[in-house]
Peer 1: 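Sending over a structure as structure tokens; questions will come in a sec.
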There are 2 protein chains.
Amino acid sequence: MTQTLTPPDATPGTRPKRKLYEAVFEAIAVDILQGTLPTGSALPTDSALCTRFGVSRTVIREAIQHLSSVGLLDVRHGAGTYINGSRQWDLLDPQLLTMMGRTGTIGFVIDDLLDIRRMFEVEAATLAAKRATPDDIRALEALLVRMRDPATTEQEHVALNLEFHGLLVQASHNRILQGLREQLRGVLTVMMNARHRQADAEMRTVSTAMHQMILDSIRERRPDRAQAVMLAHIQGAERSLQHEPR
Amino acid sequence: MTQTLTPPDATPGTRPKRKLYEAVFEAIAVDILQGTLPTGSALPTDSALCTRFGVSRTVIREAIQHLSSVGLLDVRHGAGTYINGSRQWDLLDPQLLTMMGRTGTIGFVIDDLLDIRRMFEVEAATLAAKRATPDDIRALEALLVRMRDPATTEQEHVALNLEFHGLLVQASHNRILQGLREQLRGVLTVMMNARHRQADAEMRTVSTAMHQMILDSIRERRPDRAQAVMLAHIQGAERSLQHEPR
DNA sequence: CGATATTTGTACGTATGTATT
DNA sequence: TAATACATACGTACAAATATC
């Protein structure tokens, strides 16, 4: 367990303005992620943590509540607070994933995340092929025109790529899928950073062609084809991430 | 906006023990779900809510925090708190879904939920066919034996059915999929209750046969077949829910 | 642009209730 | 029953962001 806690104004010159409960949250979270606080063991009591961190119980309670809401802790009324195993963690929570990225403990979920991403994108393409409105299709077409434009920079192309997949989800007309996308977007960003990879320049032409094929499938109302092309597209992208050290 | 709030000890004889912040949460949530508080309008200030509900700001803040975490409110530091539209709502949150069930405003997400359920179950079956261990397969087999046993009651059969799908997710060996299942389980229960349907007795034989085919596909490592059978299975179950008044 | 008022955010201390051991 | 530990709620003070004059 961490002995001390970085004060909110550790460097008087700068302005970190770290909130106390966030500092406590992070200190405890890191200890859990790294195994310093082992699964099943009891967290010190509220009052013990108050004295250890030198803060009020309000702060401790807020930190514990957040830790509990991401599944790191199991709070039992009257009995104590216990450390959960990784099976209990909310592996879709961006805050937790970010911390796992920072502590180098994110490896064991990367393959799981790729599964989810694939499932998600394939479903969006399939549903879009069934339900896209003329407006949806027009928006996708406009995007593809810009992607094919030789004047667009590499950076712009990456952004357009993301936007294309966003429009696809919108064209699926499923609100829950859109919510899941929001969660996954942050998570995948963390993952990409953890592996410090960028889109290969050479892939640009291939990628645009893939997107064109997906759009064609949607326009022709062929869900099976949309599904197959998206699957191939995603699996191509996965190759740049998979089979690296975990 | 609700004028008063059910006090925690409304009936001295019984022991409702309703928490104040939950009561406030619910009162405001209902007003938002039913449109009494329209999208984009401002929620009264903390202090105004304190006097209106007759509670401390601690209670109001806790309620607002929960409302914000399920996407019903948008809290802007220094500017005020505003009502979010349904596009912002976290439609996978069990607490919110439960409330939507109670207020009769859940209809517009049922079809979305069925999409998600189908996507989810099909993916689990496909992955299970790729990754199930001998232990996974033995557990599934044991479950099927009990399902075929004529001595199992109808109620038991429903429970075994749920357990089968749970084991399937476990056999997918994807932790995030398991977390999603937890969320969906509560949601689907609410949905079923909202439509007050139970499994048809006549479907029992068909259902067991379907499960057997899924297990066979997994044992034979045929993901495509597992995917197809599960799709048919889920779509069969959907027929008992779809095409009802929303 | 600047000063001020408003509104939300953070933190403290205290008191009391409730569940577990 | 008693002790322990978490839960809820109140009131207060000040900080920070925003809006308004």
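Residue numbers start from 1 in every chain, and the chains themselves are labelled A, B, ... in the order their sequence lines are given, proteins ahead of strands.
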Peer 1: Quick one: Leu49(B) CG to dA9(D) P, roughly how many Å, whole number?
Peer 2: 16 Å
Peer 1: Just to confirm, is there a sub-4.0 Å distance from OP1 or OP2 of dA11(C) to any side-chain nitrogen or oxygen of Tyr21(A)?
Peer 2: no
Peer 1: Nearest to the side chain of Lys19(A), heavy atoms from C-beta on, is which of dA13(D), dA11(C), dA9(D)?
Peer 2: dA11(C)
Peer 1: Judged by atom type as modelled, is there a donor-acceptor pair below 3.5 Å linking the side chain of Asp93(B) to the main-chain atoms of Val70(B)?
Peer 2: no
Peer 1: Does the side chain of Asp149(A) pick up a donor-acceptor pair with the side chain of Thr152(A) at under 3.5 Å?
Peer 2: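 Not at all, the side chains of Asp149(A) and Thr152(A) share no donor-acceptor pair under 3.5 Å.
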Peer 1: For a quick test of reading the model, state the closest non-hydrogen atom pair linking Pro44(A) to Arg52(A) and the distance between them.
Peer 2: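 Looks like CG-NH2, 4.2 Å.
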Peer 1: Quick one: which of Leu43(A), Leu37(A), Asn84(A) gives a side chain to side chain contact (heavy atoms under 4.5 Å, CB included) with Leu73(A)?
Peer 2: Leu43(A)
Peer 1: What side-chain hydrogen bond (donor to acceptor under 3.5 Å, both in side chains) pairs are there with at least one residue in residues 68-83 of chain A, not counting sequence neighbours?
Peer 2: Asp74(A)-Arg76(A)
Peer 1: Going by an N to O cut-off under 4.0 Å, is there a salt bridge joining Arg118(A) and Glu123(B)?
Peer 2: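 So Arg118(A) pairs with Glu123(B) through a salt bridge.
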Peer 1: State whether the distance check finds a donor on one side and an acceptor on the other, under 3.5 Å, for side chain Arg57(A) versus base dA7(D).
Peer 2: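 Present.
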Peer 1: Using a heavy-atom distance cut-off of less than 4.0 Å, which residues of residues 66-85 of chain B contact DNA chain C?
Peer 2: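 Close to the strand are Val75(B), Arg76(B), His77(B), Gly78(B), Gly80(B), Thr81(B).
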Peer 1: Distances for protein N/O vs nucleotides 1-5 of chain C N/O pairs under 3.5 angstrom?
Peer 2:
none

Peer 1: Can any side-chain N or O of Glu156(B) pair as donor or acceptor with the backbone N or O of Thr153(B) at less than 3.5 Å?
Peer 2: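 Yes; at least one donor-acceptor contact below 3.5 Å.
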Peer 1: Expressed as a whole number of angstroms, how long is the span from Leu43(A):CG to dT4(D):C1'?
Peer 2: 16 Å
Peer 1: Does the Asp136(B) side chain pair with the main chain of Thr133(B), one donor and one acceptor, at a distance under 3.5 Å?
Peer 2: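 Side chain of Asp136(B) to backbone of Thr133(B), a donor-acceptor pair under 3.5 Å: yes, one is there.
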Peer 1: Can you measure Ile60(A) atom CD1 to dT10(C) atom C1' for me and round it to whole angstrom units?
Peer 2: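 Rounding to the nearest Å, CD1 of Ile60(A) and C1' of dT10(C) are 14 Å apart.
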Peer 1: Over how many whole Å does the gap from Phe25(A) atom CZ to dT10(C) atom C1' extend?
Peer 2: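 Distance, rounded to whole Å: 17 Å.
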Peer 1: Rounding to a whole Å, what distance do you find between Ile64(A):CD1 and dA5(D):P?
Peer 2: 13 Å
Peer 1: Atom CG of Asp46(B) to atom C1' of dC10(D): distance rounded to whole Å?
Peer 2: 15 Å
Peer 1: Give the rounded distance in Å between these two atoms: CG of Leu20(A) and P of dG13(C).
Peer 2: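 It works out to 12 Å between those atoms.
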Peer 1: Okay, side chain of Arg181(A), backbone of Phe120(A): is any donor-acceptor separation there less than 3.5 Å?
Peer 2: no
Peer 1: Just call it for Thr58(B): base, sugar-phosphate, or nothing, with non-hydrogen atoms closer than 4.0 Å on any strand.
Peer 2: base
Peer 1: Just the rounded figure in Å: distance from P of dA9(D) to CZ of Phe53(B).
Peer 2: 14 Å
